[in-house]
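Below you'll find the structure, written out as structure tokens, and then a few comments.
Note: hydrogens, waters and symmetry copies are ignored here, and every other heavy atom, side chains too, is used. Not measured: the values here are computed from a predicted model. Residue numbers begin at 1 in each chain, while the letters A, B, ... track the order of the sequences.
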There are 2 protein chains.
Amino acid sequence: MNECDSYKQYLNQHGMKSTKQRNLLLLILKKIQEPQTAEKLYLIAKETDSSINLSTVYRVLEKFTEKKITIRTSFLDDKSVYSLYPKTHQHQLICLRCKKIVLLENCPLEAFQHSVEKSTDFSIVNHRLELYGYCRQCQKIIAAN
Amino acid sequence: MNECDSYKQYLNQHGMKSTKQRNLLLLILKKIQEPQTAEKLYLIAKETDSSINLSTVYRVLEKFTEKKITIRTSFLDDKSVYSLYPKTHQHQLICLRCKKIVLLENCPLEAFQHSVEKSTDFSIVNHRLELYGYCRQCQKIIAAN
DNA sequence: ATGCAAATGCAAACTATTTGCATTTAGAAT
DNA sequence: ATTCTAAATGCAAATAGTTTGCATTTGCAT
């Protein structure tokens with residue numbers, strides 16, 4: 001039992017076997033604290049475990065997402081990104097130039113959601129909000145050109 | 001000049017040639033008034049013009065979107081959907097069971113956007129908001145099972 | 001320690017979308 | 001009206017992110 005087993009108990013509690021691939025990905029996700037693509041996570045994982053396979057990464061992330069350990073988001077016709085399931089309700093602010101993602105803790109939508117439920121007879125269970133723009137550095141770079 | 005040329009002037013004004021495929025797709029989009037996948041639009045178009053090709057549909061929709069005649073949205077790891085570019089700022093309410101999409105005219109995000117700009121130093125140019133839930137009929141069906 | 005279901009690696013499949021290319025067509029120029 | 005040229009189309013093949021089938025390995029309950 002090495003450091004990569006550190007999440008054994010946690011994984012077992014969530015009804016999953018503890019494998020070195022899962023432990024590693026969990027470690028990476030906790031370290032990064034930023035939504036990343038499966039590909040990127042795979043490349044980072046490879047530095048530690050060179051035999052890990054991309055489809056394993058996809059399968060692990062799928063399982064994690066099913067167990068609400070991670071959340072999967074896809075936006076802008078781009079690849080999906082994965083991050084640890086937020087403890088508080090969050091949204092993303094995405095830089096259109098450098099693709100950096102900033103997580104936002106506040107959400108102004110509760111009242112709106114209720115009013116929409118009333119006017120449409122839908123039962124709303126979820127929503128998705130993303131803000132797009134340019135971060136400070138990219139604004140400067142764009143202004144300089 | 002037949003009925004499918006009806007948008008010739010409109011297309012020319014937008015710097016596009018008037019072709020029977022473009023006229024037809026525009027007609028369909030105006031009739032449907034609901035976001036649809038390229039595939040679905042292709043199938044509908046085929047009923048009128050059996051020789052139309054799926055990649056033409058994609059290319060036409062891409063061109064339309066570039067010219068802001070249509071808007072392309074992708075959500076829920078699903079295919080993209082296209083609809084006429086809304087005259088007023090809109091958002092979508094999507095039924096998770098039947099995939100029906102209801103367009104919402106209201107948007108509560110202006111103030112929030114400003115406050116995020118201030119707190120993050122981003123320049124926000126756009127946002128995306130989708131609400132997910134179950135429509136009246138699907139709620140009933142689900143309750144009955 | 002043993003057995004078995006679950007997880008993995010690898011290669012191949014899948015699917016929405018895009019692209020290359022030969023042909024056709026719209027619309028400007030003559 | 002006819003001619004010309006760039007743009008649009010049809011078709012088939014490529015792409016890219018993601019998923020799947022299958023043989024092998026591994027975690028963990030017994």
Within the 4.0 Å heavy-atom criterion, would you say E39(A) contacts the bases, only the backbone, or no part of the nucleic acid?
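No contact.
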Are a donor atom and an acceptor atom from the side chains of [X] and [Y] found within less than 3.5 Å of each other?
X       : Y       : result
N53(B)  : S51(B)  : no
Q139(A) : S123(B) : no
T56(B)  : Q21(B)  : no
S18(B)  : N12(B)  : no

In whole angstrom, give the distance that lies between atom [atom1] of [X] and atom [atom2] of [N].
X      : N       : atom1 : atom2 : value
L24(B) : dT25(C) : CG    : C1'   : 17 Å
L54(B) : dT15(C) : CG    : P     : 14 Å
H14(B) : dG27(C) : NE2   : C1'   : 19 Å
K63(A) : dA5(C)  : NZ    : C1'   : 11 Å
E66(A) : dA7(C)  : CD    : P     : 10 Å
K40(B) : dA16(C) : NZ    : C1'   : 17 Å
D49(B) : dT25(C) : CG    : P     : 11 Å
Y42(B) : dT17(C) : OH    : P     : 14 Å

Residue matched to dC21(C) through Watson-Crick or wobble contacts both under 3.5 angstrom:
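Matched dC21(C) with dG10(D) under the 3.5 Å cut-off.
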Side chain of R72(B) (C-beta onward), nearest among dT17(C), dT8(C), dT9(D):
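Minimum distance to the R72(B) side chain belongs to dT17(C).
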Could you check whether any side-chain N or O of N23(B) sits under 3.5 Å from a backbone N or O of T19(B), counting only pairs where one atom can act as donor and the other as acceptor?
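At least one qualifying donor-acceptor pair exists.
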In the 5'-to-3' direction, what one-character label does each nucleotide of nucleotides 20-30 of chain D receive under the scheme B = base within less than 4.0 Å of a protein heavy atom, S = sugar-phosphate only, - = no such atom?
BB-----BS--
Under 4.0 Å between a side-chain N/O of Q21(B) and OP1 or OP2 of dG10(D), yes or no?
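True: Q21(B) side-chain N/O within range (under 4.0 Å) of dG10(D) OP1/OP2.
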For dC10(C), take OP1 and OP2 only and decide whether either is under 4.0 Å from a side-chain N or O of N53(A).
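So the side-chain polar atoms of N53(A) do come within 4.0 Å of the phosphate oxygens OP1 or OP2 of dC10(C), strictly under.
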Here's one to test your reading of the geometry: is the NZ or CZ of K30(A) within 45 degrees of the ring axis of Y10(A) and under 6.0 Å from its centre?
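That pair qualifies as a cation-pi contact.
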Between H127(B) and H91(A), does the ring centre distance come in under 6.0 Å?
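Ring centroids of H127(B) and H91(A) are no less than 6.0 Å from each other.
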